[in-house]
Amino acid sequence: MKFLVLNGINLNMFGKRDPKQYGTTTLAQIDEQLHALGAELGVEVECFQTNFEGEMAERIHRAHGEGVAGVLINAGAWTHYSYGIRDALAILQCPIIEVHMSNIHAREAFRHHSVIAEIARGQIAGFGVDSYLLGLRAAVSAVQVTKG
């Protein structure tokens, strides 16, 4: 079973960008932890990051054709306004888990709204790297419930 982890704009700067909000863990370190948890859970994890909205939509389209079991997405700022990414995600037939390192609901007002939330199985925010790890566990659990 393959799970796809999508990271959007500016998230390649984890570890450097606003450590108060995001900590000092890099995206590569998050990816390593996700791969290790995937191995523990017996699933394959693929991580993808881009700063280009069209490239993100194309990767989501490929995920549809690949039949991925679940998707974790931290779309970064696109979370709040990208209807294109939201519509691409809506094509998928698998559970989508929205994750955020920071608590978007405790930050600036524009971050309180997610255009992705309506189509996501759930949202995990505010737990730093653990948001990703909890998200992967939730996605695997959602697939097991659906199949079981």
Side-chain angles (χ1 to χ4, degrees), residues 1-19 21-38 41 43-143 146:
M1 236 182 327
K2 180 178 179 178
F3 290 82
L4 179 62
V5 180
L6 300 171
N7 284 286
I9 191 162
N10 297 320
L11 301 187
N12 58 308
M13 298 305 290
F14 280 153
K16 298 177 184 99
R17 177 182 173 213
D18 194 359
Q21 290 294 335
Y22 305 110
T24 57
T25 304
T26 67
L27 186 57
Q29 291 168 324
I30 294 169
D31 292 350
E32 287 174 18
Q33 290 184 45
L34 285 164
H35 285 110
L37 179 58
L41 298 173
V43 299
E44 178 185 352
V45 175
E46 177 189 334
C47 300
F48 176 82
Q49 188 280 327
T50 184
N51 291 315
F52 300 96
E53 192 172 11
E55 190 174 10
M56 179 66 79
E58 290 291 334
R59 183 62 192 97
I60 294 166
H61 296 169
R62 283 196 316 276
H64 180 269
E66 294 167 356
V68 299
V71 170
L72 274 69
I73 184 164
N74 182 346
W78 293 329
T79 299
H80 315 294
Y81 68 87
S82 179
Y83 296 108
I85 290 173
R86 182 246 184 247
D87 287 351
L89 289 165
I91 296 166
L92 300 176
Q93 301 297 310
C94 63
I96 299 164
I97 309 295
E98 181 181 345
V99 299
H100 299 282
M101 297 267 279
S102 67
N103 181 352
I104 64 173
H105 304 287
R107 296 189 59 195
E108 305 93 334
F110 76 90
R111 295 187 196 275
H112 297 182
H113 178 72
S114 165
V115 298
I116 296 168
E118 183 180 278
I119 60 167
R121 176 70 58 97
Q123 182 188 79
I124 301 170
F127 296 100
V129 175
D130 284 338
S131 292
Y132 283 89
L133 302 175
L134 292 165
L136 181 57
R137 288 184 185 279
V140 171
S141 178
V143 169
T146 303

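Here the structure is a predicted model, which is why all the values come from computation and not from measurement. In this chain, numbering begins with 1 at the start of the sequence shown.
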query: Do Ile73 and Ile85 pass the side chain to side chain contact (heavy atoms under 4.5 Å, CB included) test, and can you show the C-alpha distance, the side-chain angles, and the key distance before you say yes or no?
result: CA-CA 10 Å; Ile73 184 164; Ile85 290 173; 4.1 Å; yes

message: For a side chain to side chain contact (heavy atoms under 4.5 Å, CB included) check, start with the C-alpha distance between Cys94 and Val71, then their side-chain angles and the critical distance, and finish with the verdict.
response: CA-CA 7 Å; Cys94 63; Val71 170; 4.0 Å; yes

message: So, using side-chain hydrogen bond (donor to acceptor under 3.5 Å, both in side chains) as the criterion, who are the partners of Thr26 when residues are at least two apart?
response: Gln29

query: Taking only residues two or more places apart in sequence, or in another chain, which ones meet Cys47 in a side chain to side chain contact (heavy atoms under 4.5 Å, CB included)?
result: Val5, Asp31, Leu34, His35, Val45

query: Salt bridge or not for Glu46 and Arg59, using N-O below 4.0 Å?
result: yes

task: Check side chain to side chain contact (heavy atoms under 4.5 Å, CB included) between Glu44 and all other residues, then give those that pass, not counting sequence neighbours.
output: Lys2

query: Do any pairs count as a side-chain hydrogen bond (donor to acceptor under 3.5 Å, both in side chains) and have a residue in residues 85-95, sequence neighbours left out, and if so which ones?
result: Arg86-Glu118

- prompt: Can you name the residues that form a side chain to side chain contact (heavy atoms under 4.5 Å, CB included) with His113, not counting sequence neighbours?
  reply: Val115

- line: Asn10 meets the side-chain hydrogen bond (donor to acceptor under 3.5 Å, both in side chains) criterion, sequence neighbours left out, with none

message: Is it the case that over 12 heavy atoms from other parts of the model lie below 6.0 angstrom from the OH atom of Tyr81?
response: yes

- prompt: To the nearest 0.5 Å, what is the distance between CG (Leu37) and CG (Leu133)?
  reply: 5.5 Å

query: Roughly how far, to the nearest 0.5 Å, is CD1 of Ile119 from CD1 of Ile96?
result: 4.5 Å

field: Asn51 to Gly8 - nearest heavy-atom pair and separation
entry: OD1-O, 4.2 Å

- request: Output yes when a side-chain donor or acceptor of Ser131 lies under 3.5 Å from a complementary backbone atom of His100, and no otherwise.
  value: yes

- prompt: Under the salt bridge (Lys or Arg N to Asp or Glu O under 4.0 Å) test, which residues partner Arg17, sequence neighbours left out?
  reply: none

- line: Applying ring pair (Phe, Tyr, Trp, His ring centres under 6.0 Å) to Phe14 and not counting sequence neighbours gives Tyr22

task: State which residues pass side chain to side chain contact (heavy atoms under 4.5 Å, CB included) with Arg121; sequence neighbours excluded, sorted by chain then number.
output: Pro95, Ile97, Ala142, Thr146

query: When rounded to the nearest 0.5 angstrom, what distance separates CD in Gln49 from CG in Asn12?
result: 4.0 Å

field: Test item: Leu4 and Glu66 side chains (from C-beta on) under 4.5 Å apart, heavy atoms
entry: no

- request: For residues Met56 and Trp78, determine if any side-chain heavy atom of one lies less than 4.5 Å from a side-chain heavy atom of the other.
  value: yes

query: Any idea which heavy atoms bring Phe3 and Ala69 closest together, and the distance?
result: CZ-CB, 3.8 Å

task: Go through Phe48 and Glu55 one step at a time and tell me if the side chain to side chain contact (heavy atoms under 4.5 Å, CB included) criterion holds.
output: CA-CA 10 Å; Phe48 176 82; Glu55 190 174 10; 3.9 Å; yes

message: Ignoring hydrogens, what is the shortest heavy-atom contact between Leu72 and Ala139? Give both atom names and the distance.
response: CD1-CB, 3.8 Å

task: Please identify each residue that fulfils side-chain hydrogen bond (donor to acceptor under 3.5 Å, both in side chains) with Thr25, with sequence neighbours left out.
output: none

Pair up each side-chain donor or acceptor in residues 123-130 with any protein partner under 3.5 Å, not counting sequence neighbours, and list the distances.
| from | atom 1 | to | atom 2 | distance (Å) |
| --- | --- | --- | --- | --- |
| Gln123 | OE1 | His105 | NE2 | 2.8 |
| Gln123 | NE2 | Glu98 | OE1 | 3.4 |
| Gln123 | NE2 | Glu98 | OE2 | 3.0 |

message: Using 0.5 Å steps for rounding, measure from the CG atom of Leu41 to the CE atom of Met1.
response: 9.0 Å

- prompt: Glu53: what forms a side-chain hydrogen bond (donor to acceptor under 3.5 Å, both in side chains) with it, not counting sequence neighbours?
  reply: Ser82

